[in-house]
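Right, one structure below, let's go through it.
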Amino acid sequence: VDQYTMAKNTRDAHFRKVRVEDFDEDNFQDEADSIDFSDAVSQRAATVRKLLSAGNKEEALKAALQDPPQACSDESIKAKNADTVMEALTSFKTAEIQKAVHTL
């Protein structure tokens with residue numbers, strides 16, 4: 001005969017050990033990654049400014065382009081990184097840019 005029977009109340013969630021609603025993509029927010037990316041971008045910006053003030057434009061450009069926050073979902077962090085790259089690029093004269101790019 002019928003060995004398996006369904007529960008009468010299928011809306012009962014007491015059998016769950018994990019709340020699957022917590023893992024829904026719409027509810028998921030990974031703020032730890034944003035904090036890590038923010039710290040890295042801030043440190044990179046400080047390094048670039050230090051190199052630029054020392055007159056080392058090529059090293060500043062290399063530092064600005066190193067390890068971009070591509071996996072970060074926070075657009076403000078990406079914008080801050082882009083500003084750092086632009087700060088390094090705008091320190092060059094137009095005639096110097098090609099030489100600097102070739103040194104990368």
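On a predicted model such as this, the values are computed, not experimentally measured, just so you know.
- Every residue two or more places apart in sequence or in another chain that forms a side-chain hydrogen bond (donor to acceptor under 3.5 Å, both in side chains) with Ser42 is listed here: Lys80.
- No path of Ile, Leu, Val, Met, Phe, Trp and Tyr side chains, each step under 4.5 Å between heavy atoms, connects Leu52 with Met86, placing them in separate hydrophobic clusters.
- Distance alone, capped at 3.5 Å, is enough to place a donor-acceptor pair between the Arg44 side chain and the Gln66 backbone.
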Between Asn56 and Glu58, is the side chain to side chain contact (heavy atoms under 4.5 Å, CB included) condition met? List the steps. CA-CA 6 Å; Asn56 198 345; Glu58 290 84 9; 4.2 Å; yes
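- When every heavy atom of Val48 is checked against every heavy atom of Ala60, the shortest pair comes out as CG2-O, 3.6 Å.
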Test log, rule side chain to side chain contact (heavy atoms under 4.5 Å, CB included), inputs Lys78 and Phe37: CA-CA 9 Å; Lys78 289 181 178 182; Phe37 282 117; over 6 Å; no
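- How far CG of Leu51 is from CZ of Arg49: 12.0 Å, rounded to the nearest 0.5 Å.
- Pairing each heavy atom of Thr84 with each of Ala45, the nearest pair is OG1-CB, 3.5 Å.
- Using a 4.0 Å cut-off between charged side-chain N and carboxylate O, Glu96 and Lys99 make no salt bridge.
- Listed by chain and residue number, nothing satisfies the side-chain hydrogen bond (donor to acceptor under 3.5 Å, both in side chains) test with Glu87 (two or more places apart in sequence, or in another chain).
- How far CG of Leu89 is from OG of Ser91: 7.5 Å, rounded to the nearest 0.5 Å.
- Of all heavy-atom pairs between Val41 and Asn81, the closest is CG1-N, 3.8 Å.
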